[in-house]
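Here is how names work: the chains are called A, B, and so on, in the same order as the sequence lines, proteins then strands, and each is numbered from 1.
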Amino acid sequence: MENRHAALGLSDQDVVAMYEKMLLTRLLDERAWVLNRLGKVNFLVSAQGHEAAQVGAAWALRPGVDWALPYYRDLGVALTLGSTARDYVLSLFAKAEDPYSGGRQMPSHWSSPPLKMFTGSSPVATQLPQATGVAYGIKLRGDDAVVYVSFGEGSASAGDAHEAMNFAGVHRLPVIFFCQNNRYAISVPQEKQMAVENVADRAAGYGFPGVVVDGMDPLAVYGAMKEAVARARRGEGPTLIEAKVYRYTPHSSDDDDRTYRARDEVEQWRERDGLPRWRDYLMGLGLLTEEADAALRQRLLAEVDAAVAYAEAAPDPEPEDLTRHVYAE
Amino acid sequence: MENRHAALGLSDQDVVAMYEKMLLTRLLDERAWVLNRLGKVNFLVSAQGHEAAQVGAAWALRPGVDWALPYYRDLGVALTLGSTARDYVLSLFAKAEDPYSGGRQMPSHWSSPPLKMFTGSSPVATQLPQATGVAYGIKLRGDDAVVYVSFGEGSASAGDAHEAMNFAGVHRLPVIFFCQNNRYAISVPQEKQMAVENVADRAAGYGFPGVVVDGMDPLAVYGAMKEAVARARRGEGPTLIEAKVYRYTPHSSDDDDRTYRARDEVEQWRERDGLPRWRDYLMGLGLLTEEADAALRQRLLAEVDAAVAYAEAAPDPEPEDLTRHVYAE
Amino acid sequence: MATKTLLEAIREALAEEMRRDDRVFVLGEDVGKRGGVFRVTQGLIEEFGPHRVLDTPLAESLIVGVAIGAAAYGLLPVAEIQFADFIHPAMDQIINEAAKIRYRSNGRWSCPIVIRAPYGGGVHGALYHSQSVEALFYHVPGLKIVAPATPYDAKGLLKAAIRDPDPVLFFEHKKAYRSIRGEVPDEEYVLPIGKADIKRPGQDLTVITYGYNVHLCLEAAERLAREEGIEAEVIDLRTLLPIDRETIVASAKKTGRVMISHEDTKTGGIGAEIAAIVAEEALFYLDAPIVRVAPPDVHPMPFNPKLEAVFMPSVEQQYAAMRDLARY
Amino acid sequence: MATKTLLEAIREALAEEMRRDDRVFVLGEDVGKRGGVFRVTQGLIEEFGPHRVLDTPLAESLIVGVAIGAAAYGLLPVAEIQFADFIHPAMDQIINEAAKIRYRSNGRWSCPIVIRAPYGGGVHGALYHSQSVEALFYHVPGLKIVAPATPYDAKGLLKAAIRDPDPVLFFEHKKAYRSIRGEVPDEEYVLPIGKADIKRPGQDLTVITYGYNVHLCLEAAERLAREEGIEAEVIDLRTLLPIDRETIVASAKKTGRVMISHEDTKTGGIGAEIAAIVAEEALFYLDAPIVRVAPPDVHPMPFNPKLEAVFMPSVEQQYAAMRDLARY
Ligand SMILES: Cc1ncc(C[n+]2csc(CCOP(=O)(O)OP(=O)(O)O)c2C)c(N)n1
Ligand SMILES: Cc1ncc(C[n+]2csc(CCOP(=O)(O)OP(=O)(O)O)c2C)c(N)n1
Ligand SMILES: [Mg+2]
Ligand SMILES: [Mg+2]
């Protein structure tokens, strides 16, 4: 097994730490499903299959310096930037301490001023024009931060995606458009969504590079992101990165994907799962052992348990909270 | 002077008739400015510089069979499809007989059920999704009509343009997206509008051909349109045609283009004016003489005079008309 | 007569209209194999094929624009907006285009489209899957807005909407989809758009409402009759635009006490127009101020179940308001 | 004190705020070299450069989205929508995004943006350059809506809007831009958002209005005083959302006769909410039904000057309605 990460400037500690984030993302997501099936949490939207892309992408950002406008599937991005298991589980339980919305929004509607993670909504693609606005501010101020904004391939069909990319191209803004293409928009397959193979093919029409990467390989994603970030910092403008991924679970806890995709298709993609592949890579390089992996799992599961215990016991918002924060207080 | 039109299947009569439409467009437009400066008509939006592109494009359509969703600058398209000088001047004077809107809309907001010219609005780009809806109906019914929809390069920045082209690509709809790129959206130059040289470059991202043509040359435009129409009829889907043109006048009678573009730029483009170039082509081939041209001008000016006389004398709508046609009667 | 859910009644109306007239087709996100995220269009793609049951790209402005164009061509499109909360990107196509096509063409073109959208809360939908958006369109001439409360009304009014020559917004309350059941005739019927329905006659006060709140108000009215002998007249608007002034004004004049109830927030809600109509046309018949019972002016509605419950209208709330108004 | 047009007052407010605070910048279509299609931003690009006077691509959703993002970053964007008639493509960014950013983040993010838009008719703008759109946003919590009638109010309120921590829609009446002149102090001042202004005190009836109609109503009120000795109190709302309930209700209680006047069409217009407020809080003080004077429910407004004149409110119309109400 040859070392592919050193060349990208990643230390052995880095790649093991990336594995930890990917694994935590998966374990948290799996727990969310359990809590939902137990009737303890009302809704979740899943990240399973996107972990490698998300952790690989976020690894190229400077938490609290660079800006992020992640979409609802970006649990791995939120965790890599500094959100905690507790933060996420608090949002699952919609408790008052939910740092993203105080229990007002569905889970996975990220928000954190200190992490420069801007509040997100459910209407897709609305974050893209907003991301270009942040990037315009950065350019106006001569700040060296960059902006990460993510979305699915279905959301790329929305007008806002076009308006944002065009504007970013005109002003060579320091923004990275990160498309997580999992081939479905809920039930709508890519063939009904677009006539081309890659969303990234559209970047040429906006005057900046479009890159397609294997979203199951964190190094491929990190490498593309690293280059895009450097480009943005050099003032050369945006990059559209398309990570090819797959969603192993239904779209959300309200979805039933058996109505629109064959089980064997899902199984085939399982074989390309980035998490075990990454684990094998680390083990192949002797950076991870069965024991270390088991220990890590234990630690992370304990972290998840603690987060659930804490969130479940945490207080709900007060009734009076309903009318707060409509306007400045 | 070699004959370039025969190869495109155009007869000598055709090319002379095309000249007549181009000239009528120019003369009507010039008269509209005079009427506006005389305070007789309140508003106009000008087509000068776009005539060759418009007549060349519309010549490839079957009036009353193929559908058209022209934009406000498309006087040449409306006239070529069968609208008359009187129709247009009635809309300038906003008289009850204005066939487009009965005096309700500004001039140049085309509409004609018999000509299959769908009613247009002022908000730009809204006609593009509508055009794909017409095309979807055509496909659903197995009808062999095609759809022409036009817009400026500025309007190509609107979300509706993206959503429509993407949808047309997915379903290989029989629609031709005809972009008249005159390098300005009112005062906003192309450099501030888009980072690429051609709007047509975006077609690749939607899975269909994008073609750039000299919009000052009716044959170049006709040739590209003819091919796009044939493609659409063969069920091979949309084409995006971008005609490079120039607007010789201010955006509208309310605009003052001296605030945003140099006079010599305008003069340079004057030299490429499609109308005299086409006249020279016809004369070079002996299809038009000075006498014939003078006679044609006389006839068309008489037509314009008659249209103005008629429209000026035509009745205004009745006050009761204000509340009609909000809902079906 | 069979008992059906609101959702089944709507699905039946769609299927029957598609069988009756091959110009009718549905389009929207996930309406095909998925049968819609609420299963309203389930079974349609199997019966009518993917061309008449069109899964569109994720683009609401496109969905409405395509419907407008297809209608111009001669079809009768029924567009689904997956959640009313996502109708905003289509507002230009709805307000500036669909609503104005007849007027701006001086009656020479028309726009016979239907836009269906699930709306309303109480389903843990949080800020973007709980909204009521009817008031955002209430000011737009050229549109019709229908919001049925019962399976019977939903089926008859959806058929009317599909056959209507003008654009109709058809709002379906998510909480009512499966929880509200009712008798639906086996034989074909169509109900008139623009007519309110007095769901419960009474002479002591008038309650004007629509959507899921109709059921809350009816329950409260029954309790009020039992416990206090007060007879409330409950008017289900069914059609919000054009509104049935006659029925509203006649009832207001009869009872002299008017309460308006909706799940949508108060300021600028449809209750405002109703109150204004009564204040214009029946002021001196009133024995009490006009009361609007509606949630506070906050964003509908928090995900947290306790906060959601605070936001959502309740039978108790309707009951108390009716009682106080009757006693005024 | 100098006399200025409404347009000049607005331009001054923009320039002064941009000088005062370098976080303030303007963006929109043609706001640069062109100085805006109405010349409101004329001279700004020369003074502040193309980065703070940004000509955007032709995309309204983008314009508002960029403003939201730039505000999140720490700037104070003033977005111009070239005509209110073209604000619809931005409704999702305004209603679902800007208005909800504070609430959905539990107060941790905010959206201090201003969206300026010329609105109103009587300028031969036809169906798409004459619209009043304030009612489309009136139902949205989290937004503020300002519509000044005089140069003095416009300057003071635009400064307040730019300094406001929440999103403000600032509507400028096109017909008033150059036709309305008034005294504007040379020294710096800011006016409070949310306060109506009694432009003319009176005790016989209350006229509640805003925008260009303020001037029509004031002229009619003067005539009414001269010719009939009837003293109308004319309230200029200035801020439409949040509305100044106190001033409205106090005046209604004082005069017992309430007329609401706006250029916007009647059904679902802002007059509906005002009538509802009065009917809720001052019903038994009323000696006459609440009157709404507004154009019919058609699409504002035909290009033909005669039809436009039929649509547009007139002094005569206001005069007649006031007189009839006073005599009721
Ligand atoms: C404007 C809008 N329309 C519809 C929806 C409903 N919806 C939520 S997610 C989704 C599919 C998104 O697919 P994609 O962009 O590919 O992202 P993915 O969920 O596959 O990661 C849809 C249609 C929405 N949230 N916003
Ligand atoms: C949605 C919308 N925004 C703004 C306008 C105002 N406007 C009218 S034409 C125009 C410029 C259009 O430029 P382009 O698309 O290049 O067409 P051209 O007029 O140059 O032919 C603008 C901004 C509009 N009509 N619609
Ligand atoms: Mg997807
Ligand atoms: Mg142009």
Side-chain angles (χ1 to χ4, degrees), chain B residues 67 69 96-105 109-114 116-123 125-141 143 145 147 149 158-160 162-164 166-171 173 175 317 321 323-329, chain C residues 22-23 25 27 49-52 54-77 79 89-90 92-93 95-113 140-144 164-168 193-194 241-242:
Chain B
W67 285 70
L69 289 82
E97 284 178 59
D98 155 24
Y100 310 129
S101 76
R104 290 166 173 214
Q105 292 221 71
H109 285 53
W110 323 109
S111 164
S112 169
K116 290 196 158 55
M117 199 157 61
F118 188 54
T119 170
S121 66
S122 306
T126 51
Q127 70 275 23
L128 277 78
Q130 294 165 16
T132 64
V134 174
Y136 188 79
I138 288 170
K139 193 177 177 190
L140 202 61
R141 282 285 189 246
D143 173 350
V147 183
V149 60
D160 271 3
H162 168 68
E163 296 187 0
N166 179 51
F167 179 71
V170 169
H171 294 281
L173 298 177
V175 54
D321 292 343
T323 53
R324 293 195 59 197
H325 303 307
V326 176
Y327 295 100
E329 291 174 350
Chain C
D22 72 356
R23 294 173 304 166
F25 77 105
L27 69 162
H51 296 305
R52 287 181 68 195
L54 173 64
D55 272 324
T56 65
L58 207 175
E60 283 73 16
S61 186
L62 173 89
I63 290 169
V64 175
V66 166
I68 292 168
Y73 180 75
L75 302 176
L76 298 175
D92 194 39
Q93 287 287 351
I95 295 174
N96 263 338
E97 299 296 314
K100 291 179 159 66
I101 278 167
R102 185 183 296 278
Y103 193 79
R104 80 189 190 199
S105 66
N106 205 27
R108 300 197 67 194
W109 288 99
S110 66
C111 189
I113 68 174
V140 183
L143 294 181
K144 297 182 179 182
D164 195 276
D166 288 303
V168 180
I193 289 176
L241 192 69

Heavy-atom cut-off 4.5 Å, strictly under: side chain, backbone, both or neither for [X] against chain C?
| X | result |
| --- | --- |
| B:Ile138 | both |
| B:His162 | neither |
| B:Tyr327 | both |
| B:Pro99 | both |
| B:Ala131 | neither |
| B:Ser112 | backbone |

TODO: Apply the test side-chain contact (heavy atoms from CB on, under 4.5 Å) to residues C:Asn96 and B:Thr126: give CA-CA distance (whole Å), side-chain angles for both, the deciding distance (0.1 Å), then the verdict.
DONE: CA-CA 9 Å; C:Asn96 263 338; B:Thr126 51; over 6 Å; no

Heavy-atom proximity to chain B below 4.5 Å, by part of [X]:
| X | answer |
| --- | --- |
| C:Pro141 | both |
| C:Ile101 | both |
| C:Leu58 | neither |

Task: Those residues that, when tested against B:Asp143, pass salt bridge (charged side-chain N to carboxylate O under 4.0 Å, His left out) (two or more places apart) - done: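 Once residues adjacent in sequence are excluded, B:Asp143 has no partner under the salt bridge (charged side-chain N to carboxylate O under 4.0 Å, His left out) criterion.
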
Open item on the list: Once salt bridge (charged side-chain N to carboxylate O under 4.0 Å, His left out) is applied, do any residues pair with C:Arg104, and if so which ones, sequence neighbours excluded?
Closed with: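 If we apply the salt bridge (charged side-chain N to carboxylate O under 4.0 Å, His left out) test to C:Arg104, skipping adjacent residues, the hits are C:Glu97.
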
Task: Stepwise side-chain contact (heavy atoms from CB on, under 4.5 Å) test for B:Gln130 and C:Gln93 - done: CA-CA 9 Å; B:Gln130 294 165 16; C:Gln93 287 287 351; 3.0 Å; yes

Task: side-chain contact (heavy atoms from CB on, under 4.5 Å) between B:Tyr136 and C:Thr56, intermediate numbers included - done: CA-CA 12 Å; B:Tyr136 188 79; C:Thr56 65; over 6 Å; no

Task: pair B:Glu329-C:Pro165: side-chain heavy atoms closer than 4.5 Å - done: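 With C-beta onward as the side chain, the pair stays apart.
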
Open item on the list: B:Arg141 vs C:Asp22, test: side-chain contact (heavy atoms from CB on, under 4.5 Å). Steps then yes/no.
Closed with: CA-CA 10 Å; B:Arg141 282 285 189 246; C:Asp22 72 356; 3.2 Å; yes

